[in-house]
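Computed from a predicted structure; not experimentally measured.
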Amino acid sequence: MDYQKVVERIYEHLEEDRVESAVMASLRMARAAKDYINSATFLRELYPSKTEVVRALYDEISLLKKDAQQFIFEKSLERWLELHTVETATPDEDRRKPEGDRRNVFMVAAGQLQSELDQAEHLIGDLALPAGMGEFDTAAFTDRFITEKARMRFRIRAIQTIKARLKVRCLNYAIEIERQLAAQKQNQAFLESVQNDVNNYFKARCDDVFVKLRKAAQLTQSKDAEDSALLLTEVRRAMKAAADHFYPPVPGLVVCADGKQRSLGDDQFLNRLHEYLARQVERSTSKELLKEELDHLAAFIRRLNDMASKGVHADVTFAEAKQGLIGVYFFLFNLIQHLTRATVAVA
């Protein structure tokens, strides 16, 4: 769904005073975003009956826990009551009633608002005195009509209040979604800048790493579940290619920076990356963070290796595979920043 277009449609509906259309567009956006509370809230404005709301949302929230479902219905009812609780009594009645009794819940759907207003206006217009009435009857009817007209005008005011509140609710929701879209664009721009910096670095220095990263990124666009296995494989290959670039394989056992002997051969690319960090990156807080980042990524790669040996790649979701690729990009980006600063300092 193009959320920005839906937001613009909501604005358009509100400007044209099409309240029901604005509510329906808001509902469509809430359901697409899996915003269950607002979905239930806007559904109540279209179908005040709880039964209809439950029936409409059942397939979407059936997997949620009972407590979560109950919270959705209770919260949406609370919001509905807040919007539909209005003063409907006349000023004289207000003075006679306790403060808590001066407000009532006005049950009307969004699609009925305009027809209710039109009907109330017509009823006021129909309150005319019959011809040929006597003096006392005329006085009695006039008094009755004045009271009825006052009630109808307060009814009209109540409907207009609900309509105004509903427009504000749709407007606020559209603004909220628009802000989220703006924040997502900023995050996306940041992720793209990280990806571009890493790709450009290796494109100029190691084409093998660049090609593998690009292929892995292309696989993230696939909707085929089987491509998750390919994506995981490319993540591992890209990590190994980066290790080969920074610290090529060394035969036999090597005394590492911590004084321990380790194998730093072709298959031990994670050991080689750890050793590269230990020897080439200056000790600092950021280095420790980079090391922890590599430890976390190494745990993911080792899990991947274990799964590959068991032939259960299919059990890994695209979300997990994408997480691994993002982890590789962020690790390489931070490593590149360290190396760049070190080069500038030496120069």
Side-chain angles (χ1 to χ4, degrees), residues 1-61 64 67-88 100 102-118 120 154-190:
M1 170 182 283
D2 190 335
Y3 290 99
Q4 188 59 49
K5 287 186 177 180
V6 179
V7 168
E8 292 171 0
R9 288 292 301 277
I10 293 174
Y11 289 149
E12 181 182 341
H13 291 318
L14 293 175
E15 290 170 359
E16 298 296 329
D17 204 34
R18 299 191 294 265
V19 179
E20 184 182 19
S21 297
V23 173
M24 292 178 69
S26 300
L27 171 61
R28 179 189 172 201
M29 188 161 58
R31 296 182 78 165
K34 300 187 184 302
D35 184 352
Y36 300 127
I37 291 180
N38 277 301
S39 295
T41 299
F42 289 118
L43 270 171
R44 286 185 184 274
E45 298 300 338
L46 296 174
Y47 311 104
S49 169
K50 178 183 177 181
T51 303
E52 294 295 332
V53 175
V54 172
R55 182 181 293 115
L57 282 181
Y58 177 77
D59 290 339
E60 299 174 41
I61 66 174
L64 298 179
D67 291 345
Q69 295 180 21
Q70 186 67 22
F71 176 78
I72 290 170
F73 293 127
E74 290 179 355
K75 191 65 177 179
S76 61
L77 177 60
E78 178 185 329
R79 292 181 177 181
W80 185 87
L81 289 172
E82 179 184 1
L83 191 145
H84 286 260
T85 302
V86 294
E87 293 182 2
T88 57
R102 297 175 190 174
R103 302 178 66 81
N104 298 295
V105 177
F106 201 91
M107 190 169 182
V108 58
Q112 299 173 324
L113 289 172
Q114 192 57 49
S115 62
E116 288 280 348
L117 286 173
D118 294 340
F154 274 94
R155 178 182 178 83
I156 290 173
R157 188 181 71 177
I159 297 173
Q160 289 175 335
T161 298
I162 292 172
K163 182 178 179 180
R165 290 174 180 174
L166 194 50
K167 291 177 71 174
V168 170
R169 176 161 290 174
C170 292
L171 177 63
N172 287 340
Y173 189 62
I175 292 173
E176 178 186 344
I177 295 297
E178 198 169 40
R179 287 174 178 170
Q180 291 179 7
L181 293 175
Q184 289 172 7
K185 286 182 179 179
Q186 292 178 351
N187 293 337
Q188 184 176 359
F190 171 70

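- Judged by distance alone, with hydrogens and angles left aside, the side-chain atoms of E60 form no donor-acceptor pair with the main-chain N or O of Y36 at under 3.5 Å.
- Atom OH of Y173 and atom CG of D35 lie 3.5 Å apart (nearest 0.5 Å).
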CA sep, side-chain torsions, deciding dist, call: E78, K75, salt bridge (charged side-chain N to carboxylate O under 4.0 Å, His left out): CA-CA 5 Å; E78 178 185 329; K75 191 65 177 179; 3.8 Å; yes

Candidate pair L181 and Q184, rule side-chain contact (heavy atoms from CB on, under 4.5 Å), full reasoning: CA-CA 5 Å; L181 293 175; Q184 289 172 7; 3.9 Å; yes

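- Within the 4.5 Å cutoff, side-chain heavy atoms of V7 are placed close to those of M29.
- Considering CD of E45 and CD1 of I162, their distance stands at 8.5 Å, rounded to 0.5 Å.
- Taking OG1 of T41 as the reference point, atom CZ of R169 lies at 6.0 Å (rounded to 0.5 Å).
- Here the shortest heavy-atom pairing between I72 and L64 reads CD1-CD1, 3.7 Å.
- Distance CD/E16 to CD/E12: 6.5 Å, rounded to 0.5 Å.
- Using a cut-off of 4.0 Å between Lys/Arg side-chain N and Asp/Glu carboxylate O, R79 and E82 are scored as not salt-bridged.
- Looking only at side-chain heavy atoms (C-beta outward), L27 and M24 stay at 4.5 Å or farther from each other.
- When side chains are defined from C-beta on, D17 counts as touching K167, because their heavy atoms get closer than 4.5 Å.
- Using a 4.5 Å heavy-atom threshold, the side chains of F73 and I61 count as touching.
- Other residues, nucleotides and ligands place more than 12 heavy atoms under 6.0 Å from the OH atom of Y11.
- The line from CD of E20 to CG of L46 is 6.5 Å long, rounded to the nearest 0.5 Å.
- Across all non-hydrogen atoms, the minimal contact from P48 to M107 is CB-CE, 3.5 Å.
- Heavy atoms of other residues, nucleotides or ligands lying less than 6.0 angstrom from CZ of R9 number 12 at most.
- Side-chain atoms of V86 and R157, non-hydrogen and from C-beta on, never get closer than 4.5 Å to each other.
- Between H84 and R165, the closest heavy-atom pair is N-NH1, 4.4 Å.
- The OH atom of Y3 sits 7.5 Å away from the CD1 atom of I177 when rounded to the nearest 0.5 Å.
- In this structure, F42 and C170 approach most closely via the heavy-atom pair CE2-SG, 4.0 Å.
- Taking both residues in full, the closest heavy atoms of A22 and I10 are given as O-CG1, 4.3 Å, listed atom of the first, atom of the second, then distance.
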Audit row: Q160, I156, side-chain contact (heavy atoms from CB on, under 4.5 Å) steps and yes/no: CA-CA 6 Å; Q160 289 175 335; I156 290 173; 3.8 Å; yes

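- Between E52 and R55, at least one side-chain N (NZ, or NE/NH1/NH2) sits under 4.0 Å from a carboxylate O, which counts as a salt bridge.
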